[in-house]
Amino acid sequence: MEIYKRISSGNLIRWSIFYFLPVFVTASEVSLQETVEGFIGGSAVLPCSPEEPPITIQDIHVRWKIKYMQNVYEIINGQVSVEEQDQQYKNRVESFPEEYLRGNFSIKLYNLQHTDAGEYTCYIFMKNKSEDRSVELLIKEKSD
Ligand SMILES: *[C@@H]1O[C@H](CO)[C@@H](O)[C@H](O)[C@H]1NC(C)=O
Ligand SMILES: *[C@@H]1O[C@H](CO)[C@@H](O)[C@H](O)[C@H]1NC(C)=O
């Protein structure tokens with residue numbers, strides 16, 4: 001956004017030189033973003049894996065959010081926590097505890113609604129390192 005604003009404000013040449021590389025990198029990151037499709041009433045798995053699997057589950061804190069705002073799901077010290085979960089997601093999300101040690105913090109969302117569409121971000125807090133992953137969920141009408 002910032003970049004476009006600056007370019008359109010007239011300093012085209014100057015800002016193209018300064019921002020050529022960042023623009024290029026940003027574009028390739030966007031195209032790498034994952035997209036998942038689901039149908040109304042169906043389910044969808046939203047993937048999330050850190051670069052390296054955790055050494056112990058107790059060190060892990062994973063928080064899933066939608067649109068950087070609402071809490072969808074949380075794993076604290078290897079335990080599921082729904083304390084701060086948004087009502088919209090109550091009883092509709094599960095994860096795969098047997099997969100945690102393999103670095104798989106994917107969640108499965110059930111009974112999909114139109115309002116579930118959007119960008120989900122999975123924040124992984126490990127002892128030494130924090131990472132995040134984003135995935136776009138598209139919701140479609142059932143095609144029957
Ligand atoms: C994570 O686990 C889920 C459930 O078993 C599976 O569907 C998904 O493919 C796994 N993801 C990876 C990256 O292994
Ligand atoms: C954390 O950092 C220490 C020291 O740099 C290293 O020995 C250890 O393997 C790291 N742990 C993880 C989970 O990366």
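Please read these numbers as outputs of a predicted model, since none were measured by experiment.
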Worksheet item: Just how far is it from atom OG of Ser43 to atom CG of Leu109, taken to the nearest 0.5 Å?
Response: 8.5 Å
Worksheet item: How about Gln88 and Gln70: do any of their side-chain heavy atoms sit closer than 4.5 Å?
Response: yes
Worksheet entry | Glu84 vs Arg63, side-chain contact (heavy atoms from CB on, under 4.5 Å): CA-CA, chis, key distance, verdict | CA-CA 10 Å; Glu84 293 181 37; Arg63 184 183 293 143; 5.9 Å; no
Worksheet item: Does a sphere of radius 6.0 Å around CD in Glu98 hold more than 12 heavy atoms from other residues, nucleotides or ligands, not counting ones at 6.0 Å or beyond?
Response: yes
Item to complete: Heavy atoms only: give me the nearest Ile107-Val72 pair and the separation to one decimal.
Response: CD1-CG1, 4.0 Å
Worksheet item: How many angstroms lie between CG in Leu46 and OG in Ser134, if you round to the nearest 0.5 Å?
Response: 11.0 Å
Worksheet item: If you measure from the Lys or Arg side-chain nitrogens to the Asp or Glu carboxylate oxygens, is any gap between Lys67 and Glu119 under 4.0 Å?
Response: no
Discussion item. In this structure, would Leu101 and Val80 fall into the same cluster of hydrophobic residues linked by side-chain contacts under 4.5 Å?
Written reply: yes
Worksheet item: For the atom pair NZ (Lys140) and CZ (Phe39), what is the distance rounded to the nearest 0.5 Å?
Response: 6.5 Å
Item to complete: Specify whether Tyr100 and Phe105 have parallel, tilted or perpendicular ring planes, treating 30° as the upper limit for parallel and 60° as the lower limit for perpendicular.
Response: tilted
Worksheet item: Is any side-chain heavy atom of Arg92 less than 4.5 Å from a side-chain heavy atom of Asp116?
Response: yes
Practice prompt. Verify whether one side chain among Gln85 and Glu74 offers a donor that lies under 3.5 Å from an acceptor in the other.
Written response: no
Item to complete: Report the distance from atom CZ of Arg133 to atom CD1 of Ile124, rounding to the nearest 0.5 Å.
Response: 5.5 Å
Practice prompt. Please say whether more than 12 non-hydrogen atoms of neighbouring residues, nucleotides or ligands are located less than 6.0 Å from CD in Gln79.
Written response: no
Discussion item. Would you say that more than 12 heavy atoms from the other residues, nucleotides or ligands in this model lie under 6.0 Å from the NZ of Lys129, or not?
Written reply: yes
Fill in: Check: Trp64 and Ile75 side chains under 4.5 Å, non-hydrogen atoms
no
Fill in: Least distance between heavy atoms, Leu137 atom then Gly38 atom
CD1-N, 4.3 Å
Response to the item:
Interatomic distance, NZ@Lys127 vs CD@Gln58, rounded to 0.5 Å, equals 9.5 Å
Discussion item. With a 4.0 Å cut-off on N to O distance, would you call Glu94 and Lys108 a salt bridge?
Written reply: no
Worksheet item: Would Glu83 and Asn71 satisfy side-chain hydrogen bond (donor to acceptor under 3.5 Å, both in side chains), going step by step from the backbone distance to the final call?
Response: CA-CA 10 Å; Glu83 244 169 68; Asn71 284 304; over 6 Å; no
Worksheet item: Heavy atoms, side chains only, cut-off 4.5 Å: are Val135 and Glu34 in contact?
Response: yes
Discussion item. Can you confirm whether the side chains of Ser130 and Tyr123 place a donor and an acceptor under 3.5 Å from each other?
Written reply: no
Discussion item. As an exercise, state the distance from CG of Asn128 to CD of Glu52, rounded to the nearest 0.5 Å.
Written reply: 10.0 Å
Worksheet item: Between Ser49 and Asn104, what is the shortest heavy-atom contact and its length?
Response: OG-CA, 4.1 Å
Item to complete: Give the minimum heavy-atom separation between Ser95 and Tyr73, together with the two atoms involved.
Response: OG-OH, 2.8 Å
Worksheet item: Same hydrophobic cluster for Val82 and Val93, using side-chain heavy-atom links shorter than 4.5 Å among ILVMFWY?
Response: yes
Worksheet item: What's the shortest heavy-atom distance between Glu141 and Ile40, and which atoms?
Response: OE1-CG1, 4.1 Å
Discussion item. Is any side-chain heavy atom of Val62 closer than 4.5 Å to one of Phe125?
Written reply: no
Item to complete: Provide the closest heavy-atom pair for Val36 versus Pro47 in the form atom of the first, atom of the second, distance.
Response: CG2-CD, 3.9 Å
